[in-house]
K.L.:
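Have a look at the structure that comes next, please.
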Protein chains: 2
Amino acid sequence: MVRQPSINAQNRAPLSIERITEAALQIVDGQGLGRLTMRRLGDALEVEAMAIYHHLPRGKEQLLDGLVAHVAAAPADASAADAASWRGTLRAWAAGYRSRLLAHAGVLPLVVTRRNPAALAATVASLREVMRQGGVREEPAAVAAHALLGYVIGHAALEVRGTAEDGADRAVDWDARFTAGLDLVLAGAG
Amino acid sequence: MVRQPSINAQNRAPLSIERITEAALQIVDGQGLGRLTMRRLGDALEVEAMAIYHHLPRGKEQLLDGLVAHVAAAPADASAADAASWRGTLRAWAAGYRSRLLAHAGVLPLVVTRRNPAALAATVASLREVMRQGGVREEPAAVAAHALLGYVIGHAALEVRGTAEDGADRAVDWDARFTAGLDLVLAGAG
DNA sequence: ACCTGAACACCGTTCAAGT
DNA sequence: ACCTGAACACCGTTCAAGT
């Protein structure tokens, strides 16, 4: 007779890097980065905190690296770009990337820290590739790629702070402002 | 007879917010944000950690706010700008602001966090004012101000990570790249 | 192989006490 | 007014032990 799955310690879904990262992201999004502790993460996964180290030997460092990779490694799809409309491709990518950053604003400080260089490197490379296929020369493409990613990250940081404060920024239409600034950056590119 | 200053517990320079912030910044610049603890800060000031709370009632939160203010509140000098060369004024401001951010890279994650909205708000306002005096209309100036500050902060974040990694970015001339990207942003402004 | 429990060396912060 | 010392409730992480 086959054992039925039941809700006890033996039969619950086994721990995995994916489940751990997902639970961590949920804590950060819901309660903030400061409240992400190994003990609380263990509670969320219905496991003792120390069990997590079995799946992430480098501990919390590795956990945070995973969060950055999950949020910041979102390359533009160079294959979807017909050569003529590379600006449109980059505009669409920027809108999506900004959404990700704002949806996981708690991870932003980690993106800005030294952690996980690979995630951002891959993203920059994809931006350069989209431009290369659009006929932009190497050096201007490299400049524009860093300018674009820098703008998106920096503007997202300003938005997160601006929407929270009571100052002159309270009534700003951030969507419109982001798009207008994006056009500024893309207009000169190429 | 006047007592000579001497190196003991009675006669050392009294604690002050300035001395505390200075010592904290030195720890962050030298050892990283993660090693800034109240106990270590107390050691640096030759004082028990708990004495710090007498000068910063809001504790570590207030300390970090002070660091952000020290690094991120660097407005452009609108009075020094003759109307015609507002682009030059902004270029000079951007170069200086970037230097500050790179010199205190450990504080960057805090600038990106929710702390101390006033510091960045004042900086944005000064950028708008420089443009206003240059004859730029209000709405384009507001867009360009946020785009510019966003670009500078975001690019600085990429630089801090880029110079540390061994990937394709190792040989990048970041000074040149920053300036070229800055021209991209400023060219469309106004 | 995977998880637990106890333990260690730290944190930020409170509070009563000293001067 | 300004600083100290002891204490509290947390951290991340190690390690021996369980199954």
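Because the structure is a prediction, the values reported are computed rather than measured. Per chain, numbering begins at 1; letters A, B, ... match sequence-line order.
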K.L.:
Rounding to a whole Å, what distance do you find between A:Ile52:CD1 and D:dT14:C1'?
P.N.:
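Taking atom C1' of D:dT14 as the reference, CD1 of A:Ile52 is at 15 Å.
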
K.L.:
Which nucleotide in the list D:dG12, C:dG12, D:dC11 gets nearest to the side chain of B:Lys60?
P.N.:
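Of the candidates, C:dG12 comes closest.
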
K.L.:
Output yes when at least one side-chain N/O atom of B:Arg58 is less than 4.0 Å from OP1 or OP2 of C:dT13, else no.
P.N.:
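No, B:Arg58 has no side-chain N/O under 4.0 Å of OP1/OP2 on C:dT13.
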
K.L.:
May I have the step-by-step check of salt bridge (charged side-chain N to carboxylate O under 4.0 Å, His left out) for A:Arg98 and A:Glu159, ending in yes or no?
P.N.:
CA-CA 10 Å; A:Arg98 167 177 175 258; A:Glu159 289 187 58; 2.8 Å; yes

K.L.:
Using the rule that two of Ile, Leu, Val, Met, Phe, Trp, Tyr join whenever any of their side-chain heavy atoms come within less than 4.5 Å, decide whether B:Phe178 and A:Val143 are in one cluster.
P.N.:
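No, B:Phe178 does not connect to A:Val143 through the hydrophobic network.
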
K.L.:
For B:Glu46 and D:dT4, what is the distance between atoms CD and C1' respectively, to the nearest whole Å?
P.N.:
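These atoms are roughly 16 Å apart.
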
K.L.:
If only side-chain N and O atoms count, and only distance matters, is there a donor-acceptor pair under 3.5 Å linking A:Gln133 with A:Glu129?
P.N.:
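Looking only at side-chain atoms, A:Gln133 and A:Glu129 do form a donor-acceptor pair, the distance falling under 3.5 Å.
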
K.L.:
Rounded to the nearest Å, what distance is computed from the CG atom of residue A:Leu64 to the P atom of nucleotide D:dT13?
P.N.:
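My rounded result for the distance is 9 Å.
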
K.L.:
Starting at the 5' end of DNA chain D, which residue's closest nucleotide do you reach first, A:Pro57 or B:Leu15?
P.N.:
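Closest to the 5' end, via its nearest nucleotide, is B:Leu15.
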
K.L.:
Think B:Arg40 has a side-chain N or O under 4.0 angstrom from the OP1 or OP2 of C:dC11?
P.N.:
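It does, given that an N or O in the side chain of B:Arg40 lies less than 4.0 Å from OP1 or OP2 of C:dC11.
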
K.L.:
Just checking A:Leu36: base, sugar-phosphate only, or nothing, at a heavy-atom cut-off of under 4.0 Å?
P.N.:
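Answer is sugar-phosphate: A:Leu36 comes under 4.0 Å of backbone atoms only.
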
K.L.:
Atom CG of A:Leu45 to atom P of C:dC2: distance rounded to whole Å?
P.N.:
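That distance rounds to 15 Å.
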
K.L.:
Please pick, from D:dC3, D:dG5, C:dG12, the nucleotide with the shortest atom-to-atom distance to any side-chain atom of B:Glu48.
P.N.:
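Per side-chain heavy atoms of B:Glu48, the pick is D:dG5.
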
K.L.:
Figure out the CG/C1' separation between A:Leu41 and D:dC10, and round it to whole Å.
P.N.:
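One finds 17 Å between C1' of D:dC10 and CG of A:Leu41, rounded.
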
K.L.:
Please report, rounded to the nearest Å, how far the P atom of C:dC10 is from the CZ atom of B:Arg39.
P.N.:
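Checked: the CZ to P distance equals 10 Å.
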
K.L.:
What is the base-pairing partner of C:dT14, counting Watson-Crick and G-U wobble geometry with both distances under 3.5 Å?
P.N.:
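Its partner is D:dA6 (Watson-Crick or G-U wobble, both distances under 3.5 Å).
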
K.L.:
Please report, rounded to the nearest Å, how far the P atom of D:dC11 is from the OH atom of A:Tyr53.
P.N.:
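After rounding, the gap between these two atoms is 12 Å.
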
K.L.:
To the nearest angstrom, how far is B:Ile17 atom CD1 from D:dC2 atom P?
P.N.:
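Value for this atom pair: 12 Å.
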
K.L.:
Which one, D:dC3, D:dT13, C:dT13, comes nearest to the side chain of B:Val47?
P.N.:
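The nucleotide sitting nearest to the side chain is D:dC3.
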
K.L.:
Give a yes/no answer on whether the side chain of B:His54 brings an N or O atom under 4.0 Å of OP1 or OP2 in D:dT4.
P.N.:
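Looking at the OP1 and OP2 atoms of D:dT4, neither is under 4.0 Å from any side-chain N or O of B:His54.
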
K.L.:
Could you tell me whether a side-chain N or O of A:Arg161 sits under 3.5 Å from a main-chain N or O of B:Leu120, the two making a donor and an acceptor?
P.N.:
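Flag not set: sc A:Arg161 to bb B:Leu120 has no pair under 3.5 Å.
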
K.L.:
Treat each ILVMFWY residue as a node, draw an edge where side-chain heavy atoms are under 4.5 Å apart, and state whether B:Met50 and B:Leu41 are in one component.
P.N.:
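In one cluster with B:Met50: B:Leu41, no.
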
K.L.:
Check every atom of D:dT4, D:dG12, C:dA6 against the side chain of A:Met50 and return the nucleotide holding the closest atom.
P.N.:
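Of D:dT4, D:dG12, C:dA6, C:dA6 is nearest to the side chain of A:Met50.
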
K.L.:
For D:dT19, what is the paired nucleotide under Watson-Crick or G-U wobble rules, both distances under 3.5 Å?
P.N.:
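Across all strands, the one nucleotide that pairs with D:dT19 is C:dA1.
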
